[in-house]
There are 2 protein chains.
Amino acid sequence: MGMGRPREFDAETALDQAMEVFWRHGYEGATIAQLTEAMGINPPSLYACFGNKEGLLKAALDRYTKLRNIWMDEVVAAPTARAVAERMLMGIADKQTDPANPPGCLLVQGGIACGTGSENVPFELAARRAQNEDQLRDRFIRARAEGDLKESADPAALARYVSAVSVGMGVMASSGADREALRQVADVAVQAVEAQSARG
Amino acid sequence: MGMGRPREFDAETALDQAMEVFWRHGYEGATIAQLTEAMGINPPSLYACFGNKEGLLKAALDRYTKLRNIWMDEVVAAPTARAVAERMLMGIADKQTDPANPPGCLLVQGGIACGTGSENVPFELAARRAQNEDQLRDRFIRARAEGDLKESADPAALARYVSAVSVGMGVMASSGADREALRQVADVAVQAVEAQSARG
DNA sequence: CCACATCTGTAGTGAACACTACATATTTGG
DNA sequence: CCAAATATGTAGTGTTCACTACAGATGTGG
């Protein structure tokens with residue numbers, strides 16, 4: 001039995017293009033016509049490979065979070081809680097204003113609110129944002145155990161805080177804030193973490 | 001010449017219902033069918049009164065920001081920069097988890113990214129968020145002049161920071177964060193403003 | 001070279017969308 | 001009571017959407 005005609009496009013390259021469309025227009029705002037054009041394929045190829053529009057989004061999110069998690073590993077490798085927050089937020093300021101990508105964050109731009117039939121999309125994005133928050137929380141738990149954070153500090157609250165600031169910066173970036181403006185926000189935000197550090 | 005048949009519905013009541021639909025589903029996710037059903041009217045009445053879907057959104061935003069500005073006046077009436085930040089963020093934590101409304105903030109849920117033909121919507125929302133940021137900035141400028149904030153403090157950056165945290169909290173609320181979780185975020189966030197205060 | 005499996009491009013499909021034509025109903029001014 | 005003006009409900013309009021049937025192309029195993 002033969003193995004059939006091989007695929008003529010590269011799935012990961014196509015996903016990168018789809019990611020950009022979702023990033024710029026959101027899940028509901030992105031049309032199959034825009035997606036297929038950006039990916040350089042026709043609808044049947046898209047559906048054969050990714051199932052449907054939501055499957056394509058999930059695949060794009062998988063790719064996005066995979067790259068992002070590599071970066072997050074570098075972030076939590078910083079020596080102190082303050083350094084972690086600074087590396088995270090300054091990195092966010094730069095990444096969210098990188099002209100190579102649409103402004104903001106795919107995990108926010110993808111779709112915070114959706115219509116009937118797509119209620120699953122906001123959940124999907126939230127779950128992936130929560131992964132990063134968990135990583136931060138674990139790192140802050142360690143920081144407190146190491147005496148880097150005060151005993152009174154709440155690692156979960158700190159992680160939620162840093163995550164919230166990241167999201168807020170993403171929305172600002174998507175509405176036109178430039179890199180310097182975001183860095184100023186990050187700079188202020190880090191001071192709250194510093195206030196929870198043992199040697200403030 | 002007669003003045004015609006009078007309108008049978010109350011425009012402001014109808015707007016409140018429309019607001020809720022946009023809030024929950026976003027601009028693109030909200031359908032005219034859902035809007036008219038919630039408003040208790042038929043499409044021709046909607047179009048006669050508000051022009052089109054985008055006109056309805058703008059009218060709903062006008063009403064939303066009108067109520068919100070009243071609250072913001074109370075916020076900036078707080079005696080110190082720290083108290084302003086606390087009142088703002090704690091109030092946000094409560095308002096964004098008020099069961100009387102959909103979770104989160106209409107100015108975010110309304111549509112951060114939109115498809116072709118609705119590019120104007122994210123701008124419209126961003127402009128209204130910027131109004132609140134300007135109000136905060138002016139208040140922080142005064143705080144610095146009064147010696148409440150350090151000379152080295154940047155009022156514009158602080159305002160942008162508080163605004164970013166608010167937005168981030170809104171996204172968290174919309175994805176299920178409860179009131180207590182948001183209050184913890186607010187509590188941490190206020191400490192950054194405190195660090196910029198003269199008597200920290 | 002043949003049977004089979006998978007991909008590709010063309011050209012649609014039904015459904016849902018924002019929006020509206022039109023006839024009818026309800027008001028005011030004379 | 002009539003004419004002008006505006007609102008309402010019914011029943012659509014054309015367009016766009018996500019998705020797919022189908023025929024032909026391109027590969028593998030025997």
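Worth knowing before you read on, the calculation uses all heavy atoms, side chains too, and leaves out hydrogens, waters and symmetry mates. Throughout, protein chains are lettered first and strands after them, A, B, ... in sequence-line order, and every chain is numbered starting at 1. Predicted model, so just to flag it, every value in this text is computed and none were measured.
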Item to check | Listed partners of R5(A) passing salt bridge (charged side-chain N to carboxylate O under 4.0 Å, His left out), at least two apart | outcome: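 For R5(A), the residues satisfying salt bridge (charged side-chain N to carboxylate O under 4.0 Å, His left out) (neighbours in sequence not counted) are E8(A).
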Next on the checklist: Under 4.0 Å from OP1 or OP2 of dT20(C): is there any side-chain N or O of Y47(B) that close?
Outcome noted: no
Next on the checklist: Please tell me if S45(A) has a side-chain N or O lying less than 4.0 Å from either OP1 or OP2 of dC7(C).
Outcome noted: no
Next on the checklist: Are V188(A) and M88(B) connected into the same hydrophobic cluster when the rule is that any two of I, L, V, M, F, W, Y join if their side-chain heavy atoms are below 4.5 Å apart?
Outcome noted: yes
Mind listing the side-chain donor-acceptor pairs of residues 103-122 of chain A below 3.5 Å, one per line with the distance, residues two or more places apart or on another chain?
| from | atom 1 | to | atom 2 | distance (Å) |
| --- | --- | --- | --- | --- |
| Q109(A) | NE2 | S174(A) | OG | 3.1 |
| T116(A) | OG1 | Q34(B) | NE2 | 2.9 |
| E119(A) | OE1 | G117(A) | N | 3.0 |
| E119(A) | OE2 | G117(A) | N | 3.3 |
| N120(A) | ND2 | E54(A) | OE2 | 2.9 |

Next on the checklist: If you take any heavy atom closer than 4.0 Å to DNA chain C, which residues from residues 106-123 of chain B end up in contact?
Outcome noted: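 DNA chain C contact set from residues 106-123 of chain B: none.
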Between side-chain atoms of residues 76-84 of chain A and protein atoms elsewhere (two or more places apart, or another chain), which donor-acceptor pairs fall under 3.5 Å?
| from | atom 1 | to | atom 2 | distance (Å) |
| --- | --- | --- | --- | --- |
| T80(A) | OG1 | A83(A) | N | 3.0 |
| R82(A) | NE | E194(A) | OE1 | 3.0 |
| R82(A) | NE | E194(A) | OE2 | 3.4 |
| R82(A) | NH1 | E86(A) | OE1 | 2.8 |

What nucleotide, of [options], holds the atom closest to the side chain of [X]?
X	options	answer
T31(A)	dG24(D), dA18(D), dT8(D)	dA18(D)
F9(A)	dA7(D), dT8(C), dT28(C)	dT8(C)
P6(A)	dT20(D), dG27(D), dT8(C)	dG27(D)
P44(B)	dT20(C), dT28(D), dC19(D)	dT20(C)

Checklist entry - Do you know which two heavy atoms are closest between M39(B) and A14(B), and how far apart they sit? => result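 It is CG-O, 3.5 Å.
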Checklist entry - Of N42(A) and E8(B), whose closest DNA chain C nucleotide lies nearer the 5' terminus? => result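 Closer to the 5' end of DNA chain C: N42(A).
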Next on the checklist: Base of dA25(D), side chain of R5(A) - is there a donor-acceptor contact under 3.5 Å?
Outcome noted: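 Per atom types, the contact qualifies.
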Item to check | Backbone N/O of I41(B) and side chain of S45(B): donor-acceptor pair under 3.5 Å | outcome: no
Checklist entry - Does anything in residues 13-30 of chain A reach DNA chain D, meaning a heavy atom under 4.0 Å, and if so which residues? => result A30(A)
Next on the checklist: Going by the rule ring-ring contact (aromatic ring centres under 6.0 Å, His included), which residues pair with Y47(B) if we only count those two or more places apart in sequence or in a different chain?
Outcome noted: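 For Y47(B) there are no ring-ring contact (aromatic ring centres under 6.0 Å, His included) partners, ignoring immediate neighbours.
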Item to check | Salt bridge flag under 4.0 Å for residues D62(B) and R128(B) | outcome: yes
